[in-house]
There are 2 protein chains.
Amino acid sequence: MGERTRRGPSMFDVARVAGVSHQTVSRVLNAHPNVREVTRTRVLSAIDELGYRPNRAARTLVTGRDRVLGVVAPGSTLFGPVSLLAAFEEQAVNAGFGVSVVRIRDLDGASVREAVDRHLDGQVSGIVVIAPVAPVAAALDELPRTVPLVTVDGDPARPGAMATVDQVEGGRVATRRLLEAGHRTVWHISGPPDWFDAAGRAAGWEAELRAAGCEVPPVVPGDWSPDAGYRAGQFLGRMPEVTAVFAANDAMATGLLHALHERGRAVPGDISVVGFDDVPSSAHLIPPLTTIRPDFEAVARAALDLLVAGADGVGGINGADNTGGANGTGGANNTGGANGTGGTGDTDPVPVASGEAVAHRGVVPVLVDRDSVGPPPG
Amino acid sequence: MGERTRRGPSMFDVARVAGVSHQTVSRVLNAHPNVREVTRTRVLSAIDELGYRPNRAARTLVTGRDRVLGVVAPGSTLFGPVSLLAAFEEQAVNAGFGVSVVRIRDLDGASVREAVDRHLDGQVSGIVVIAPVAPVAAALDELPRTVPLVTVDGDPARPGAMATVDQVEGGRVATRRLLEAGHRTVWHISGPPDWFDAAGRAAGWEAELRAAGCEVPPVVPGDWSPDAGYRAGQFLGRMPEVTAVFAANDAMATGLLHALHERGRAVPGDISVVGFDDVPSSAHLIPPLTTIRPDFEAVARAALDLLVAGADGVGGINGADNTGGANGTGGANNTGGANGTGGTGDTDPVPVASGEAVAHRGVVPVLVDRDSVGPPPG
DNA sequence: CCATGCTGGCCACCTATTGTA
DNA sequence: TTACAATAGGTGGCCAGCATG
């Protein structure tokens, strides 16, 4: 059909209107030196007189890179990944990047590879992979490494740039809270064993118990779902020696509370519970749930920082763009400055437990105390 | 800073290996007729011998369109938008499109315009805007309409392509469930008044009450948050005449249950409650919540269909791509066929309440009966 | 050396034209 | 007419070289 190619003005049109050569327009656009202030102004006003917008495809074609960040994320709507994704998308856009997302339903190596390839085809400037399970993380090692790639929620043992919540510390904090309330030990309903998040939280739980010289009960396996928490509660509720439970996420804690309520076990009277995530509804469960709150914004910020700084050895991404023209005098691209367009200003440095060679950033989560923890009965 | 331009093979390389002209390669790639089967095969094998991948930027430059769909979504992590987004992203990728996402934190006209402009700059093939409030929806009317644009969760009164959950019907179903349980009337905790979703659910609630000849109590305003539900519950719980409440989403229902529990009002013994969304935890609230489940996958599918069909009058998006080469014989681009690459096969037609001139698609939600509804006390 | 202009090649692909068997 | 080859111009922007006040 018609396909009226309604192309916008090009550099040449701008040049004509401004009475300069297209060369000069290009120089203005790319903040090259050697442009007189008057000329620059003239060009700039021609630009917005015409409503000129540089053609991204053309630029990408010649530079070989698009100012887009690729994200590979699991298809689920689990609170953690979703929150991370939302935070990252917003911050990336604020830093002047486009964000391209590929969801993978199956968390296996082939899916990840395909997703990453897709992004590579699009000439992205960098890639973030939310890699919560082993197959996903493993697949990353065999990938052609032509652009910076950072992992989120990935394998803590894997080298390479990664940003994550410090799951182990989170597990310790949760467990400690329970022990300090006077419980002799703490039971744990874990996430799926192949998830790093789950393994980390369980490891923290166990470490804290051992440090306190407590017995380490068997792990109750779960899968993040409220149903799993409910099922776990059905038998934990029958065991008199169970007085404290750390659920690896709030969803399972929700199911647990449900089961305990059904069995007539009071929380926190008979059994104390701590969750993980601080989902919005956790403040209004019955009883309001004491839980661990991870700072997803900080993790997203760390991931973006790592990408821009090129922390995985591939070399960083060039700094801010300047299509707007507001920042006239700003000279060359300074690495690390990701606040290109309309950034919200204060990008506080993320509190990190810095590794040395590898650029791992673990954001320490925080305890939110509510009403589901009390002293043991009796 | 070497910037080793590690460019891959181009059409010319493929042509050389296959012993044909780059013209022929192009023809094969674009499924042009007039290519002998042997030649096509030769080209195809040269393609994967070299690991050739067509350069998207170059194609975009010539055609003026990238095979990417732009999404504008609110920055929140509310269950509805998040679920919609996840579903859409997955389906779009399965249909062979890239997905570019821009989150907007402030749901105002300026933010939407900027987001849409961003996408337009990227030469996207189509745009989806999750437009749950008036300013967002309104801003769309003034936009240059060069590519198909569909609205999700937008203004039902606005013309133009839209896919959405049938909120009104959902509100009616929820209310009817309560009335049929024997309640004399139903109270309603609504979402923010400027949200179309909230307005629709409230309208359905009111319509159903009127249809049944019931008194219409004043609306209790909320904001989707559990806190709002809790606050509402604090006074609804003190009013003896309140025996049935329809909360506009499960989060508020959660807070409501909490408040009622605190006040010693039994659910469903004293008060019955129905929510909306069917969030994962609703099955394990205390008591398990009767709620309305919207089919977000269906809405996402409808949105994608509308985009590809060009339902808003701008003309559809060209059909499947064929980089893979698997579908050799498939001839010209047939409009409406969005199942290009590895689609999950059965794209059931979405059940729609078809409007006539305007392409609105309302997906009817369904009741999920659990334990929070019973007959009125006494 | 500074601020520009001009010319031209290049990026990878699309498409149209002409010619050939 | 069919199935190509060869050639060329166009897409918009980048960059290098060289000339000019």
Side-chain angles (χ1 to χ4, degrees), chain A residues 3-16 18-43 46-47 50-67 121-123 318 321-323 332-333, chain B residues 1 3-16 18-43 46-47 50-67 120-123 318 321-323 332-333:
Chain A
E3 279 300 326
R4 205 65 40 79
T5 325
R6 199 181 303 267
R7 309 239 175 202
S10 79
M11 271 181 44
F12 291 85
D13 301 308
V14 174
R16 190 176 340 105
V20 299
S21 78
H22 77 279
Q23 250 294 20
T24 305
V25 178
S26 174
R27 284 183 179 129
V28 170
L29 253 28
N30 297 304
H32 273 290
N34 300 0
V35 180
R36 227 185 322 168
E37 194 49 37
V38 256
T39 314
R40 143 176 288 123
T41 313
R42 197 138 41 95
V43 170
I47 283 179
L50 292 174
Y52 165 79
R53 319 275 308 185
N55 182 312
R56 255 183 40 199
R59 172 186 270 135
T60 301
L61 180 56
V62 34
T63 62
R65 294 258 144 276
D66 199 357
R67 282 191 63 80
D121 273 7
Q123 275 124 315
N318 283 0
D321 70 344
N322 37 9
T323 304
N333 302 331
Chain B
M1 325 294 161
E3 278 300 327
R4 206 65 41 81
T5 325
R6 198 181 304 266
R7 309 240 175 200
S10 80
M11 270 180 46
F12 291 85
D13 301 307
V14 175
R16 192 176 339 106
V20 300
S21 78
H22 77 278
Q23 250 291 22
T24 305
V25 177
S26 174
R27 286 189 180 122
V28 171
L29 253 28
N30 297 305
H32 273 289
N34 299 2
V35 180
R36 228 183 322 169
E37 194 50 37
V38 255
T39 314
R40 145 177 286 124
T41 313
R42 199 139 39 95
V43 171
I47 283 179
L50 291 173
Y52 165 78
R53 318 275 309 183
N55 182 311
R56 256 181 41 198
R59 172 186 269 131
T60 301
L61 180 56
V62 239
T63 63
R65 296 257 143 275
D66 198 356
R67 280 191 65 80
L120 258 17
D121 273 7
Q123 277 124 314
N318 283 1
D321 70 343
N322 38 8
T323 305
N333 301 333

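Since we're looking at a predicted model, the values are computed, not measured. Just so we're on the same page: letters track the sequence lines, and every chain starts at 1.
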Output the rounded distance in Å from CG (A:Asp66) to C1' (C:dA12).
15 Å
Which atom of B:Val43 lies closest to which atom of B:Val14, heavy atoms considered:
O-CG1, 4.1 Å
Rounded to whole angstrom units, what separation is found between the CG atom of A:Leu61 and the P atom of D:dC14?
11 Å
Looking only at atom types and distance, does a side-chain atom of B:Arg42 sit under 3.5 Å from a main-chain N or O of B:Ala18, one as donor and one as acceptor?
yes
In whole Å, what is the span from the CZ atom of A:Arg16 to the P atom of C:dC6?
13 Å
Please work out if A:Thr60 contacts a base, only the sugar-phosphate, or nothing of the nucleic acid, heavy-atom cut-off 4.0 Å.
nothing
Output the rounded distance in Å from CG (B:Asp13) to P (C:dA12).
9 Å
Taking the side chain from A:Thr60 and the backbone from A:Arg56, do they hold a donor-acceptor pair closer than 3.5 Å?
yes
With sequence neighbours excluded, residues passing salt bridge (charged side-chain N to carboxylate O under 4.0 Å, His left out) with A:Arg36:
none
Side chains of A:Ile47 and A:Leu29: closer than 4.5 Å at any heavy-atom pair?
yes
Using atom types as modelled and distance alone, determine if a side-chain donor or acceptor of A:Thr41 lies under 3.5 Å from a backbone N or O of A:Glu37.
yes
If I take atom CG in residue A:Leu29 and atom C1' in nucleotide D:dG12, what distance separates them, rounded to the nearest angstrom?
12 Å
Any side-chain N or O of A:Arg59 less than 4.0 Å from the OP1 or OP2 oxygen of D:dG12?
no
Where each residue is assigned the nucleotide of DNA chain D containing its nearest heavy atom, which of B:Val38 and A:Ala57 is assigned the position nearer the 5′ end?
B:Val38
When rounded to whole Å, the CZ to C1' distance for the pair A:Arg36 and D:dG21 reads 11 Å
Find every protein N or O atom lying less than 3.5 Å from an N or O atom of nucleotides 16-21 of chain C, and list the pairs.
from	atom 1	to	atom 2	distance (Å)
C:dA16	N6	B:Gln23	NE2	2.2

Give B:Val35 one of three labels, base, sugar-phosphate or nothing, depending on what nucleic acid heavy atoms sit under 4.0 Å from its own.
sugar-phosphate
Tell me: CE of A:Met11 to P of C:dT7, nearest whole Å?
15 Å
Could you tell me the separation between the CG atom of A:Asn55 and the C1' atom of C:dC11, rounded to a whole number of Å?
13 Å
The residue, B:Phe12 or A:Arg42, whose nearest nucleotide of DNA chain C is more 5′ is A:Arg42
Examine distances only and state if a side-chain atom of A:Thr63 and a backbone atom of A:Arg59 form a donor-acceptor pair shorter than 3.5 Å.
yes
With a 4.0 Å cutoff (strictly under), does any side-chain N or O of A:Ser10 reach OP1 or OP2 of D:dG12?
no
Quick check on C:dT15: is either OP1 or OP2 less than 4.0 Å from any side-chain nitrogen or oxygen of B:Ser26?
no
